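These figures come from a predicted structure and were not determined experimentally. Every number for a ligand or one of its atoms is a count from 1 in the order of the listing.
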Amino acid sequence: MFCPKCGKEGNGLCAKCYLEGSELKFKKTEIILCSCGKVHYHGEWVHEFESAIEGLAGKNLVVPSEINVEKLVFEILSKNNKRIFLKIYVAGKYKNESIKTEVLAEIKVINKTCESCGRISGNYYEAVIQIRPDDAENIKDIIDDIDSDFITKVMDVKNGIDIYITTQQYARELVNKFKNRGFDIKTSAKLMGKKDGKDFYRVYISVKPPRFKEGDFIEIDNRIYEVAETGKNVICKDLDNRITKTVSAIKLQKGELIVNPDVRNAVVSSVSPGEIQVLDLENYETYDLKNKKNKFKLNSGEEVKILRIGNRVYVV
Ligand SMILES: [Zn+2]
Ligand SMILES: [Zn+2]
């Protein structure tokens with residue numbers, strides 16, 4: 001006999017053609033998890049996450065009637081606080097033929113608080129985000145988008161709000177949104193005691209407006225930078241070598257804003273190899289500046305702006 005679909009020799013419809021017509025499927029499945037990692041399984045909160053997944057994988061896999069499952073292995077492809085994605089490898093028999101196939105499965109995560117976490121406090125929280133915006137309108141979309149399932153409470157405080165969050169994972173997700181807008185983030189942790197035998201920390205995350213804005217002058221390690229672009233990365237022009245590049249957040253932490261910078265109109269009064277001279281149009285003083293490798297790319301007579309800091313002079 002031959003397979004009526006592909007013509008392969010054998011006993012009627014072959015395994016490959018059978019599986020094409022009757023795929024293995026995965027039923028809509030949910031799992032209840034607590035932020036501490038426990039899973040609600042068979043009516044109780046347990047730590048055995050993997051065996052709960054294995055149980056759900058076996059129970060919710062729909063196998064066509066002609067297939068006898070002999071072995072089932074799963075792999076967690078990805079996991080977040082909304083969904084778990086699995087790949088389930090199935091080995092078994094179709095009539096007398098051995099088959100191997102795989103199924104992608106999605107399990108919806110329901111976030112709940114287990115008894116022991118609930119017991120710690122009626123208003124449980126693992127993180128507090130202290131948001132102090134300069135303009136509340138700028139962050140309205142982020143605030144409106146917060147998933148209330150993770151919020152214990154929101155407190156109005158002077159200059160902003162404190163948001164109490166049930167899981168540190170969600171707090172991190174939220175803080176990243178502010179980080180991506182260039183906000184200044186500082187995190188501190190406080191040891192609160194033990195939870196399920198492990199040290200339990202509560203984190204406090206301060207979210208403040210970006211410290212520097214475009215056009216600001218900053219001094220870092222005796223060098224002067226002009227902020228060219230803010231946002232996720234801060235891009236600055238180093239006024240010493242006139243190179244524009246990204247300045248790391250760590251370096252920016254050391255930066256001092258130059259308040260009321262003394263910026264003046266000036267004109268390039270002469271250009272010679274290795275040096276230019278500028279004339280300050282406010283007091284008609286002239287300054288000689290090193291023009292190494294012709295970094296200024298300026299011509300005599302060109303109008304420029306200069307920044308004076310003490311006796312240092314920079315072309316902006
Ligand atoms: Zn076939
Ligand atoms: Zn828990």
Check your understanding: Do R242 and F296 meet the cation-pi criteria used here (NZ or CZ under 6.0 Å from the six-membered ring centre, within 45° of the axis)?
Key -> no
Check your understanding: Is K79 positioned over the aromatic face of F49, cation under 6.0 angstrom from the ring centre and no more than 45 degrees off axis?
Key -> yes
Exercise for review: Mind listing the closest non-hydrogen atom pair of V263 and F217 along with its distance?
Suggested key: CG2-CE1, 3.8 Å
Practice item. Could I get the full list of side-chain contact (heavy atoms from CB on, under 4.5 Å) partners for K59, not counting sequence neighbours? Key: none
Practice item. Return the orientation label for the F150 and Y170 ring planes: parallel under 30°, perpendicular over 60°, tilted otherwise. Key: parallel
Revision key, fill the gap. Ignoring waters, protein N/O/S atoms under 2.8 Å from the Zn ion (ligand 1) are C3 SG, C6 SG, C14 SG, C17 SG
Exercise for review: Give a yes-or-no answer on whether the side chains of Y287 and R308 include a donor-acceptor pair shorter than 3.5 Å.
Suggested key: yes
Check your understanding: If you stand at the Zn ion (ligand 2) and look out to SG of C36 and SG of C114, what angle do those two lines make, to 10°?
Key -> 120°
